[in-house]
Number of protein chains: 2
Amino acid sequence: MANIHDIAKKAGVSVTTVSRVLNNHKYVSEEKRIAVQNVIDEFNYTPNRNAIDLIRGETRQIGVIIPYNNNQAFDQMLHGILNKSIEHEYSVIVLPTTYDAKKELEYLSMLQTKMLDAVIITSRSNNWEAITPFTKYGPIISCEYTDFSEIGCSYIDRYTSYVEAFYLLKERGHERVAFTTAREMESKSTIQTFTAYEEVFGKPSGDYVIFNCYSMQDGYRAAQKLLHIKEKPTAIYANGDEVAAGIYQYAISIGMHIPRDVALLGQENQPIGEALAISTVDHQLIQAGEQAFELAIKKSKDKIKIPYQIIHRSSI
Amino acid sequence: MANIHDIAKKAGVSVTTVSRVLNNHKYVSEEKRIAVQNVIDEFNYTPNRNAIDLIRGETRQIGVIIPYNNNQAFDQMLHGILNKSIEHEYSVIVLPTTYDAKKELEYLSMLQTKMLDAVIITSRSNNWEAITPFTKYGPIISCEYTDFSEIGCSYIDRYTSYVEAFYLLKERGHERVAFTTAREMESKSTIQTFTAYEEVFGKPSGDYVIFNCYSMQDGYRAAQKLLHIKEKPTAIYANGDEVAAGIYQYAISIGMHIPRDVALLGQENQPIGEALAISTVDHQLIQAGEQAFELAIKKSKDKIKIPYQIIHRSSI
DNA sequence: ATGAAAGCGCTAACAC
DNA sequence: GTGTTAGCGCTTTCAT
């Protein structure tokens with residue numbers, strides 16, 4: 001494996017000159033620049049990233065903590081992050097936790113070992129008290145709002161959006177409204193959904209809430225329960241369009257009509273929702289991911305709220 | 001940020017001694033070992049990975065080239081890879097290509113820059129001629145069989161499994177058999193499916209083949225076409241259980257019975273297939289991923305065939 | 001058992 | 001414009 005010295009020797013110049021052409025510095029004669037470039041091409045030489053990272057004290061690698069790498073919502077954020085990482089010539093390391101708090105801490109310590117320049121947390125397993133100490137070693141950006149001043153946030157105002165969604169359903173004349181969530185009460189957004197529901201409709205009846213919904217098939221199973229209650233809900237607020245699609249499919253399969261027999265409101269404006277004309281509240285997760293990345297490389301601790309918008313289609 | 005010198009000074013020993021306790025070398029007196037460890041704990045010190053990687057000439061990072069990070073089949077391989085990476089204390093970098101050949105080449109060059117110790121290709125976009133030159137810089141393992149001797153393989157014997165699957169359907173009395181695939185004819189496994197089909201049934205009629213099926217909704221759409229042909233197929237071989245589930249759902253929704261009206265055979269033994277009792281051919285992708293990882297760290301160029309198995313349930 | 005010193009491959013003052 | 005040289009933070013001979 002050739003190194004910069006080999007190139008310098010072969011080209012008859014100093015390592016500095018090689019370094020200069022590598023980094024497009026000025027003050028290199030055209031003549032030498034060409035000579036060096038020729039040797040580089042001949043040897044098919046590429047500088048060693050480790051050496052560069054060591055001297056620069058950065059790796060241009062940023063880590064993204066994600067619970068699952070097969071969830072549409074997280075994929076959208078990741079997508080936004082990848083957009084920006086390409087633009088800024090960073091590479092991103094996906095750090096899947098499956099909500100394992102210990103693993104999350106291990107990932108965070110990659111900041112300390114200088115493997116990562118920053119980490120973005122799309123959804124966390126530890127409490128903030130356990131996370132913030134790591135900000136000593138590099139920026140930590142959250143996709144959820146937190147008051148901790150060490151943490152930059154690119155967040156969705158979920159509570160407000162949930163309240164608006166439930167009000168929308170109420171305005172449309174719905175009294176018996178069910179909803180689905182991803183995680184259970186350990187999750188902030190589940191709690192926010194509950195609180196928003198209470199604000200609009202009062203305490204939800206237990207059988208109007210279905211937890212652990214991530215995919216289309218989870219939605220299908222949720223509908224199998226919800227649509228066979230004697231006091232059937234007249235509307236369902238799903239925690240994603242994929243889940244909503246599963247509900248849709250089951251409702252259709254038992255001969256129900258949407259929205260006549262049951263209204264359906266999804267989230268995140270995912271492709272399948274568009275295909276089935278399901279109304280949805282778009283939290284603009286791609287944009288949230290992009291913003292999170294910008295905060296990360298700027299080492300910013302700003303709290304940026306990403307606006308949501310409701311997309312009206314024919315399911316409510 | 002403290003470095004090894006700071007620790008050495010504070011503990012009143014040489015950097016060598018610190019390095020020794022860090023790496024659990026023998027020949028360190030218990031006394032000094034404790035002294036050093038105390039300072040390490042006090043400073044919450046962690047060695048800088050870049051420096052270690054530079055000197056060792058390795059990063060203990062292996063890259064996994066994957067077309068999409070939201071596809072069940074690739075997720076299974078990734079899962080297997082992650083299993084082993086944790087066990088061997090490597091970290092894995094997910095490199096999503098969306099089948100962009102240029103991007104794939106960029107990822108491969110991370111071997112050359114020493115960012116990666118090895119790369120595993122779950123599905124490739126470039127031809128092997130373009131890929132093999134990179135083996136100069138580090139091991140490349142493929143999850144698809146190839147004759148190129150520079151490439152280690154942990155592969156599925158897809159052709160044999162496809163032939164067996166189609167024969168199974170034929171034995172059950174099916175003459176009109178349709179199938180779905182992921183990519184089109186640019187993909188080896190699509191070609192293998194065609195060839196296997198031909199061996200058993202002869203050339204497939206054009207409307208019995210549906211390309212670009214990845215998800216449940218793709219299966220749903222495939223069924224919308226397949227089940228409305230005048231000469232309807234009596235059996236469908238789906239390229240995954242998720243796709244099969246979509247077909248299942250549509251068939252049910254138009255009042256068909258499985259397997260009476262249409263038989264269904266899936267692939268990969270995914271959870272949803274189990275839930276719907278869909279027979280499946282399990283290519284044991286998790287095991288394939290585990291094996292690929294082992295080959296990668298052993299720098300082995302072996303060609304290992306992963307056995308498949310057919311799981312009989314009630315859909316055929 | 002312990003430490004001094006020579007690198008790993010590169011960048012960036014600094015001098016010329 | 002170009003080269004010399006001192007590190008970046010660590011591991012590892014080689015002495016002692």
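Per chain, numbering begins at 1; letters A, B, ... match sequence-line order. None of these values were measured; they are calculated from a predicted model.
Listed pair Thr17(A) / dG3(D) meets the phosphate criterion, a side-chain N or O lying under 4.0 Å from OP1 or OP2. Here Arg56(A) reaches the OP1 or OP2 of dA12(C): one of its side-chain N or O atoms lies under 4.0 Å away. The shortest distance between the side-chain N/O atoms of Asn3(A) and the OP1/OP2 oxygens of dC8(C) is not below 4.0 Å. For the pair Ser19(A) and dT11(C), the criterion of a side-chain N or O lying under 4.0 Å from OP1 or OP2 is met. At dC8(D), none of the side-chain N or O atoms of Asn50(B) fall inside 4.0 Å of OP1 or OP2 (strictly under the cut-off).
Nearest to the side chain of Tyr45(A), among dT11(C), dC10(C), dC10(D), sits dC10(C). Closest contact between the side chain of Asn48(B) and the listed nucleotides dC10(C), dG3(C), dG9(D) involves dG9(D). Side chain of Thr16(A), nearest nucleotide from dG9(D), dG3(C), dT4(D): dT4(D). Closest contact between the side chain of Arg20(A) and the listed nucleotides dC10(C), dA5(C), dA13(C) involves dA13(C).
Inspection of the Thr97(A) and Glu104(A) side chains reveals no N or O donor paired with an N or O acceptor under 3.5 Å. Counted by atom type alone, Tyr99(B) and Arg183(B) present one or more donor-acceptor pairs between their side chains at under 3.5 Å. Residues Asp53(B) and Thr59(B) bring no donor and acceptor atom of their side chains to less than 3.5 Å of each other.
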Worked check of salt bridge (Lys or Arg N to Asp or Glu O under 4.0 Å) between Glu89(B) and Arg60(B): CA-CA 8 Å; Glu89(B) 300 193 291; Arg60(B) 293 189 90 76; 5.6 Å; no

Side chain to side chain donor-acceptor pair (under 3.5 Å) between Asp41(B) and Gln37(B), intermediate numbers included: CA-CA 6 Å; Asp41(B) 294 342; Gln37(B) 191 57 56; 3.1 Å; yes

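If you measure from atom CG of Leu54(A) to atom P of dA6(D), you get 18 Å, rounded to the nearest angstrom.
The environment of Glu186(B) atom CD is dense: over 12 non-hydrogen atoms of other residues, nucleotides or ligands sit within 6.0 angstrom.
For the segment residues 24-40 of chain B, the set of residues with a heavy atom within less than 4.0 Å of an atom of DNA chain D is empty.
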